[in-house]
Amino acid sequence: MGIKVLFIYPNTYGMYMIPPAVALLSAILKKHGHKSEIFDLTFYATDYGMDSDGSQAEKLNVQPFDMASRGIRIKNSDWKVDIARQVKRFQPDLIAISSTEDMWELGLKVVEEIKEVKIKNNIPVIAGGVFATFAPDLCLKNQYVDMACVGEGEKAIVDLCNKIEKGEDYSSVTNLWVKNKDGRITKNKISKLVDVDSSPILDLSLFEENRLYRPMAGKIWKTIPVETHRGCPFTCKFCNSPDQSRLYKEETNSSFFRKKSMNKIYDELKYFKEEIGLELVFFWADTFLAWNKKELDEFCEMYKEINLPFWMQTRPETVTEEKLKKLQKVGLNRMAFGLEHGNEKFRERMLDRRWKNKDIIEAMQVPKKLGIPFSVNNITGFPEETRDLAFDTIEINKEVDADNNHIYSFVPFHGTPLRKLTDQMGLTTHDTITKCVTDKPQMYMPQYTPDQIEGIKRTFALYIKFPKSRWKDIEKAEKFTKEGNRIFEELQIEFADKYMPPPEANADLHTSKLKGQINIPLKRDLQNDFKQNSQDEM
């Protein structure tokens with residue numbers, strides 16, 4: 001018979017990519033005879049980040065698009081009423097919150113909304129994800145959360161559901177921290193890594209059809225995240241990969257970073273294309289080009305049959321003209337680079353990113369030469385950073401001249417080396433739950449204040465595209481004063497006239513060559529989605 005699992009996915013409108021972790025776990029549960037549903041907050045007005053009508057999310061896109069054409073719109077129903085109805089109808093035996101750190105408190109709101117049913121029917125609640133892995137004690141502080149999954153969730157959730165079905169004690173399930181009735185917490189060991197090639201195909205039936213669509217380059221695509229690598233071989237200090245690797249090395253003496261076989265990737269792509277109608281492949285890897293030459297050649301040969309446009313992200317030091325030419329021939333139409341900061345010494349010391357600026361600039365000329373649209377992701381507001389240092393990031397982006405330049409506030413998530421540093425510096429405490437959905441950076445640093453950081457973010461694209469003779473005007477637009485806002489609005493109009501394509505421009509992914517964008521910062525950004533929402537976890 002199996003049991004019924006209700007996944008809670010806290011999310012905000014504008015973050016359209018489906019959570020592959022939930023889709024994977026649902027597929028595994030169904031394979032073992034259990035049932036699953038999801039309560040997905042993506043299309044609800046929750047007053048948690050985006051405007052309730054979705055207008056902010058629409059502004060975030062570089063080119064115009066019509067979300068309603070694919071049924072993507074804010075729901076007109078109340079999420080509180082809908083979750084109550086779903087729980088009453090589905091009658092779950094287990095509730096699982098799959099959440100990033102910045103969405104954690106929103107997830108708790110959902111659980112607290114159904115607390116009476118949870119208590120009455122003794123329904124256990126489990127938390128999973130990177131936040132649960134690195135701050136399980138904070139998850140278990142909530143009176144309605146009974147378990148936290150530390151590490152990979154595939155084996156743990158099956159073992160847990162099997163024990164619940166049989167009415168057995170589940171306090172010894174590996175990878176789980178379990179809160180006992182007396183308040184004590186049982187901390188179980190982490191089991192060995194799963195074989196990524198044994199994973200079933202994502203259960204997309206869990207989601208509404210419109211959740212499979214997302215905008216890119218002015219067009220709405222049916223897009224599915226496809227895993228090629230699990231983990232990352234690099235050690236960026238703002239990312240959870242170093243701590244993930246350390247955790248599994250210490251607990252299981254194994255390497256967390258793994259690559260899927262080409263046969264497995266092919267099987268998934270073929271299914272998504274033929275059965276789901278996939279239009280654009282979103283390769284979901286921190287560093288897509290973490291392949292050797294033989295593996296890359298195998299991928300290109302395999303992908304010829306798939307023949308769909310795809311997006312990927314990678315690091316500048318992984319790029320060569322030969323690699324990109326091969327990928328372009330089989331469908332590479334857009335890519336993203338993680339640059340993060342423009343000062344070499346600061347980048348090496350604070351982020352453990354050791355490449356020289358001249359090499360980064362040279363690498364980023366390769367996609368430009370080949371006509372491959374690309375974006376560059378940057379972060380500002382790091383510990384010890386200053387406004388002057390932020391201009392080194394502006395300068396290198398100006399020289400690179402990418403199709404899109406994004407800049408985000410640094411967020412010290414749990415499970416990253418920089419979070420340990422911010423705690424040591426007194427900028428955060430262990431109990432601080434950090435978010436991307438706040439209006440301003442959450443750390444106060446006197447040498448680089450939240451207002452200064454936000455001022456740099458909103459004028460970032462202006463500094464990059466306008467000549468330096470205009471920088472005095474742009475500096476005034478950094479200020480959140482009446483005059484500063486007026487100047488910023490005037491510069492926005494001028495920027496749009498010079499650098500933004502007209503609405504009637506061809507927005508096809510193959511030909512779009514946008515020369516800039518007004519950076520209206522995402523309150524929860526794609527880069528952090530990658531770092532926070534690893535598919536290998538619940």
Side-chain angles (χ1 to χ4, degrees), residues 1-11 18-44 75 77 79-99 103 106-129 132 139-140 142-149 152-179 199-209 211 535 537-538:
M1 290 289 292
I3 72 165
K4 298 177 181 179
V5 180
L6 177 61
F7 287 100
I8 304 296
Y9 183 59
N11 195 32
I18 64 165
V22 177
L24 174 61
L25 293 177
S26 178
I28 292 171
L29 287 174
K30 290 179 178 179
K31 183 179 178 181
H32 285 82
H34 303 290
K35 299 179 178 66
S36 62
E37 287 190 5
I38 189 171
F39 185 72
D40 183 355
L41 278 164
T42 301
F43 292 148
Y44 283 98
K75 292 178 181 286
S77 57
W79 70 267
K80 296 179 181 179
V81 173
D82 287 356
I83 183 60
R85 286 175 177 169
Q86 186 171 0
V87 169
K88 183 179 180 179
R89 173 188 55 78
F90 187 53
Q91 297 185 0
D93 302 294
L94 174 68
I95 295 172
I97 310 176
S98 180
S99 175
M103 293 289 112
L106 179 59
L108 289 182
K109 285 186 178 181
V110 179
V111 173
E112 290 172 358
E113 189 64 30
I114 55 175
K115 62 185 178 183
E116 292 181 5
V117 177
K118 168 198 159 36
I119 295 171
K120 179 181 178 181
N121 298 316
N122 195 28
I123 306 172
V125 174
I126 182 171
C139 294
L140 293 173
N142 185 274
Q143 60 182 317
Y144 304 117
V145 178
D146 305 289
M147 293 166 278
C149 181
E152 295 186 317
E154 290 100 322
K155 183 178 183 298
I157 198 167
V158 172
D159 291 347
L160 173 63
C161 290
N162 288 345
K163 287 185 178 294
I164 291 175
E165 181 182 14
K166 296 174 183 177
E168 298 176 353
D169 175 45
Y170 50 73
S171 62
S172 62
V173 172
T174 56
N175 290 49
L176 297 189
W177 282 29
V178 182
K179 188 192 301 178
S199 300
I201 290 176
L202 302 183
D203 176 21
L204 301 180
S205 68
L206 195 64
F207 304 92
E208 298 176 16
E209 171 72 13
R211 282 292 275 117
Q535 180 168 320
E537 294 164 8
M538 191 165 61

Residues Cys149 and Gly128: closest non-hydrogen pair is CB-CA, 4.3 Å
Would you say that Ser98 contacts Met103 through its side chain, given a criterion of any heavy-atom pair below 4.5 Å between the two side chains?
no
Restricting to non-hydrogen atoms, name the atom on Val158 and the atom on Glu154 that form the minimum distance, rounded to 0.1 Å.
CG2-O, 3.5 Å
Does Lys179 use its side chain to pair, donor to acceptor, with the backbone of Leu140 at less than 3.5 Å?
yes
Passes side chain to side chain donor-acceptor pair (under 3.5 Å), Asn142 versus Glu112? Steps please.
CA-CA 10 Å; Asn142 185 274; Glu112 290 172 358; 3.1 Å; yes
May I ask you to decide if Leu41's main-chain N or O and Asn11's side chain share a donor-acceptor pair within less than 3.5 Å?
no
Atom pair CG/CG of Leu160 and Leu176 - distance to nearest 0.5 Å:
6.0 Å
Are any side-chain N or O atoms of His34 and backbone N or O atoms of Gly2, one a donor and one an acceptor, separated by less than 3.5 Å?
no
What heavy-atom pair brings Leu94 and Pro124 nearest, and what distance separates the two atoms?
CD1-O, 3.4 Å
Go through it in stages, so that I can follow the logic: the residues are Ile119 and Tyr144, the test is side-chain contact (heavy atoms from CB on, under 4.5 Å), and I'd like the CA-CA distance, side-chain angles, deciding distance and then a yes or no.
CA-CA 9 Å; Ile119 295 171; Tyr144 304 117; 3.9 Å; yes
How about Lys115: does its NZ atom have over 12 heavy atoms from other parts shown lying under 6.0 Å from it?
no
Decide yes or no for Ser205 and Lys30: does some side-chain heavy atom of the first lie under 4.5 Å from some side-chain heavy atom of the second?
yes
What is the minimum heavy-atom distance between Ile201 and Ala27, and which atoms define it?
O-CB, 3.3 Å
So do the side chains of Ser36 and Leu206 get within less than 4.5 Å of each other, counting heavy atoms only?
yes
Please name the pair of heavy atoms, one in Pro200 and one in Leu24, separated by the smallest distance, quoted to 0.1 Å.
O-CD1, 3.7 Å
Once you round to the nearest 0.5 Å, how far does CD1 of Ile18 lie from CD of Glu208?
12.5 Å
I'd like to know if the side chain of Glu37 and the backbone of Val87 have a donor-acceptor N/O pair within less than 3.5 Å.
no
Between Asn175 and Lys155, is there a side-chain heavy-atom distance shorter than 4.5 Å?
no
Ring center gap for Phe39 and Tyr44 short of 6.0 angstrom:
yes
CD1 of Ile126 to SG of Cys139: how many Å apart, nearest 0.5 Å?
10.0 Å
Side chains of Phe207 and Pro19: does their closest heavy-atom pair fall under 4.5 Å?
yes
Tell me whether Asp40 contacts the main-chain N or O of Thr42 through its side chain, where contact means a donor paired with an acceptor under 3.5 Å.
yes
Is there a side-chain contact between Leu108 and Val145 in this structure, where contact means two heavy atoms from C-beta onward sitting under 4.5 Å apart?
yes
For the pair Lys4 (side chain) and Asp93 (backbone), establish whether a donor and an acceptor sit closer than 3.5 Å, ignoring hydrogens and angles.
no
Taken to the nearest 0.5 Å, the spacing of Ile114 CD1 from Ile123 CD1 works out to 7.0 Å
Could you measure the distance from the CG atom of Leu25 to the CD atom of Glu152? Nearest 0.5 Å is fine.
10.5 Å
Nearest heavy-atom contact between Asp203 and Ser26 is OD2-OG, 2.6 Å
Asn162 side chain near Val173 side chain, heavy-atom distance below 4.5 Å
no
Rounded distance [0.5 Å steps], CE in Met147 versus CD1 in Ile97:
10.5 Å
